[in-house]
Protein chains: 2
Amino acid sequence: MTVTSVHDPSHREALWELEDAFGRGDLVSLFGRCTVSYEGRAASDLGAGDRLLVLKPDGAALVHTDEGRQPVNWQPPGSEHHAAVREGRLRVRSTRSNPDETLTVRFSDVHQLSAMAVTGGRDLTLHGSEEDLRTRIVERPELVEPGFEPRETERPSSAGPMDVFGVDADGTPVVVELKRRRVGPDAVGQLARYVRALREELGVGDAGEADDDSPAVRGILVAPSVTDRAAERLADRGFDHVALEPTPEE
Amino acid sequence: MTVTSVHDPSHREALWELEDAFGRGDLVSLFGRCTVSYEGRAASDLGAGDRLLVLKPDGAALVHTDEGRQPVNWQPPGSEHHAAVREGRLRVRSTRSNPDETLTVRFSDVHQLSAMAVTGGRDLTLHGSEEDLRTRIVERPELVEPGFEPRETERPSSAGPMDVFGVDADGTPVVVELKRRRVGPDAVGQLARYVRALREELGVGDAGEADDDSPAVRGILVAPSVTDRAAERLADRGFDHVALEPTPEE
DNA sequence: GCGTCCATGTCGATG
DNA sequence: CATCGACGTGGACGC
């Protein structure tokens with residue numbers, strides 16, 4: 001593992017190191033006093049201050065202050081990094097097109113620059129996602145309700161793929177929308193679109209005949225919990241909510 | 001400006017530096033070979049590889065690989081960093097409560113560690129946000145339509161605050177929903193909620209009497225553009241779309 | 001604390 | 001390319 005590291009370099013030294021690092025495909029970490037300006041989907045300016053600039057070989061650029069999970073400024077992967085010395089400052093610029101965006105970081109002082117080749121080990125195994133919730137329901141359908149039979153996941157419809165499609169104990173078609181966490185009204189809207197699409201497709205239970213307790217196509221929202229507004233909308237539509245976590249309680 | 005920087009430190013040296021940096025409230029950048037595990041709202045594991053760990057004095061922790069704008073793992077601000085040497089590795093752990101979450105990074109090798117005090121200069125001036133769009137409309141209402149008069153922004157309603165409330169040339173109440181970029185159907189749903197709330201509040205134009213071309217309360221979606229699905233929903237509801245950018249075209 | 005909504009959201013799948 | 005939906009979304013603001 002080769003790490004390059006320079007302390008308090010001159011702008012010219014820093015420039016050399018940056019260009020080498022870009023050439024090697026290194027990940028760069030740069031501490032220094034700088035101003036930052038961005039122009040693209042929006043535009044922003046940031047006055048002088050000490051910050052951390054991270055430059056990735058895939059084109060991503062991140063400007064971090066001492067606070068927050070989010071960078072104060074950034075450029076997405078696919079951008080191109082360029083460095084130069086201009087007007088007595090080290091200018092690092094990252095540009096991309098579609099949309100056209102430019103991030104410019106101007107360093108009056110570079111305190112520390114490190115670069116390292118970083119490869120592999122990018123595959124994360126994540127548990128507790130919506131996909132896990134789907135798996136859990138397919139394996140244990142009674143968690144939705146007794147007699148529920150899943151027939152298909154990601155079933156296509158004119159409104160997009162529905163998370164789980166199945167039938168209930170009476171043989172009534174059921175659309176299940178899954179959410180890994182507490183949801184608001186937008187999730188009910190999503191479920192409603194799938195139910196409407198399926199009713200049209202099956203030619204049953206549209207607004208004209210679904211005014212009693214037999215909706216012909218049922219909608220079930222599976223989520224740990226729902227907001228009040230979402231509950232209202234669920235009631236309006238005659239949909240059900242099943243409280244379920246993506247992973248079993250410990 | 002004081003920067004601490006060590007190259008290829010022993011675990012014990014790295015531990016000292018980390019504890020000093022935590023004590024000083026420094027921002028830390030740590031290159032090394034590590035495994036990462038996370039447990040909290042979800043759970044994840046990441047095998048050995050070279051990565052960049054950033055530790056912020058506000059408690060944020062970021063694990064970055066060579067790719068992506070997003071950290072592969074992280075901990076939000078408000079967490080607490082702890083470092084220790086365990087089983088021949090440098091273990092950096094960041095924990096928080098509510099929800100209970102733990103991020104653990106275990107280094108088999110530390111290649112480079114830098115720490116710097118980073119203060120001030122955190123205030124970003126951003127242009128092109130939804131707020132700019134609102135300002136633009138209030139100053140030039142004719143951009144929405146001739147004769148439009150804004151009366152209130154962030155007007156409260158039972159469905160939440162509507163972006164702009166006003167009246168059109170005929171004196172008909174208008175609810176304007178603003179989006180800084182192209183929107184999908186959810187924005188129409190949002191607008192519909194506000195319109196419904198206002199109709200109820202004013203006691204006019206509900207479903208019973210709004211079946212002709214006089215809806216009593218109009219809804220206008222201002223956004224650069226809308227998706228097909230959103231356009232459908234707009235037409236269903238009898239709402240209008242006005243194509244407008246958050247900032248004037250160059 | 002929860003609810004709501006914006007974001008330069010980012011990211012991946014899909015047509 | 002654009003659309004659509006998930007995300008450990010994050011973050012701000014209001015109640």
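Convention: sequence-line order gives letters A, B, ...; per-chain numbering from 1.
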Requested in this report: Indicate, with a heavy-atom threshold strictly under 4.0 Å, whether B:A159 touches base, sugar-phosphate, or nothing.
Outcome: sugar-phosphate
Query raised in the report: Touch check for B:P76, heavy atoms < 4.0 angstrom, all strands: base, sugar-phosphate only, or nothing?
Result: base
Query raised in the report: Within less than 4.0 Å of OP1 or OP2 of D:dT9, is there a side-chain N or O belonging to B:W74?
Result: no
Query - Between C:dT8 (C1') and B:E245 (CD): distance, integer Å - result: 14 Å
Query - Integer angstrom distance from the C1' of D:dG8 to that of C:dT14 - result: 25 Å
Query - Nearest-Å distance once atom C1' is located in both D:dG14 and C:dT8 - result: 25 Å
Query raised in the report: Which part of the nucleic acid, if any, lies within reach of B:R96 when heavy atoms closer than 4.0 Å are counted: base, sugar-phosphate only, or nothing?
Result: nothing
Report task. Measure the distance from CZ on B:R181 to C1' on C:dA7 and round it to the nearest whole Å. Result -> 8 Å
Report task. Take A:R229 and A:Y38, find for each the nucleotide of DNA chain C with the closest heavy atom, and name the residue whose nucleotide sits nearer the 5' end. Result -> A:R229
Requested in this report: Check the distance between D:dC7's C1' and B:N73's CG and give it to me in whole angstrom.
Outcome: 14 Å
Query raised in the report: Any side-chain N or O of B:Q70 under 4.0 Å from OP1/OP2 of C:dG9?
Result: no
Report summary line: Out of D:dT9, C:dC6, C:dT10, minimum distance to the side chain of B:R41 belongs to D:dT9
Requested in this report: Could you work out the separation of D:dC7 and C:dA7 based on their C1' atoms and round it to a whole Å?
Outcome: 14 Å
Report task. Counting heavy atoms from C-beta on, name the nucleotide in D:dT9, C:dC5, C:dC6 closest to the side chain of A:R180. Result -> D:dT9
Query raised in the report: Any chance the side chains of A:S44 and A:N73 put a donor and an acceptor closer than 3.5 Å?
Result: yes
Query raised in the report: Regarding B:S129 and B:D132, is there a side-chain donor-to-acceptor distance under 3.5 Å anywhere?
Result: yes
Query raised in the report: Hey, does A:E177 reach any base, or is it just sugar-phosphate, or nothing, if we go heavy atoms under 4.0 Å?
Result: sugar-phosphate
Query raised in the report: D:dG14 C1' sits how many Å from B:R155 CZ, rounded?
Result: 17 Å
**Report entry** A:F165 six-ring centre to A:R155 NZ/CZ under 6.0 Å and within 45° of normal
**Finding:** yes
Query - Whole-Å gap separating C1' (C:dA7) and CG (B:D132) - result: 13 Å
Query raised in the report: Taking CG from B:D228 and P from D:dG5, how many angstroms apart are they, rounded to a whole number?
Result: 13 Å
Query raised in the report: Base, sugar-phosphate, or nothing for B:P71, non-hydrogen atoms under 4.0 angstrom?
Result: nothing
Query raised in the report: When only distance counts, do a donor and an acceptor, one from the side chain of B:E101 and one from the base of D:dG8, lie under 3.5 Å apart?
Result: yes
Query raised in the report: Can you find a side-chain donor-acceptor pair between A:K179 and A:Q190 that sits under 3.5 Å?
Result: yes
Report task. Between A:G160 and A:N98, just flag the one whose closest nucleotide in DNA chain D comes earlier from the 5' side. Result -> A:N98
**Report entry** A:G184 or B:L126, whichever maps to the more 5' nucleotide of DNA chain C
**Finding:** A:G184
Query - Paired nucleotide for D:dC1 [Watson-Crick or G-U wobble; both distances under 3.5 Å] - result: C:dG15
Requested in this report: Starting at OG1 of B:T104, measure out to CD of B:E39 and round the result to the nearest 0.5 Å.
Outcome: 9.5 Å
Report task. Would you indicate what B:G68 reaches in the nucleic acid, counting non-hydrogen atoms under 4.0 angstrom: base, sugar-phosphate, or nothing? Result -> sugar-phosphate
Query raised in the report: For B:E131 and C:dT8, what is the distance between atoms CD and P respectively, to the nearest whole Å?
Result: 12 Å
**Report entry** Between B:T95 and B:T102: side-chain donor-acceptor atoms closer than 3.5 Å
**Finding:** no
**Report entry** Phosphate-side-chain proximity, A:R69 and D:dG11, N/O vs OP1/OP2 below 4.0 Å
**Finding:** no
**Report entry** Distance in angstrom units between A:D100 CG and C:dT8 P, rounded
**Finding:** 18 Å
Query raised in the report: What are the two closest non-hydrogen atoms of B:M162 and B:S157, and how far apart are they?
Result: CE-CB, 3.5 Å
**Report entry** Sugar-phosphate, base or nothing in reach of B:S44, heavy atoms under 4.0 Å
**Finding:** nothing
Query raised in the report: Touch check for B:A60, heavy atoms < 4.0 angstrom, all strands: base, sugar-phosphate only, or nothing?
Result: nothing
Report task. Counting heavy atoms from C-beta on, name the nucleotide in D:dA6, C:dA7, D:dG8 closest to the side chain of B:S129. Result -> C:dA7
Requested in this report: Would you tell me if any nitrogen or oxygen in the side chain of B:Y194 comes within less than 4.0 Å of OP1 or OP2 on C:dC5?
Outcome: yes
**Report entry** Touch class at under 4.0 angstrom, heavy-atom based, for B:Q75 against every strand present
**Finding:** base
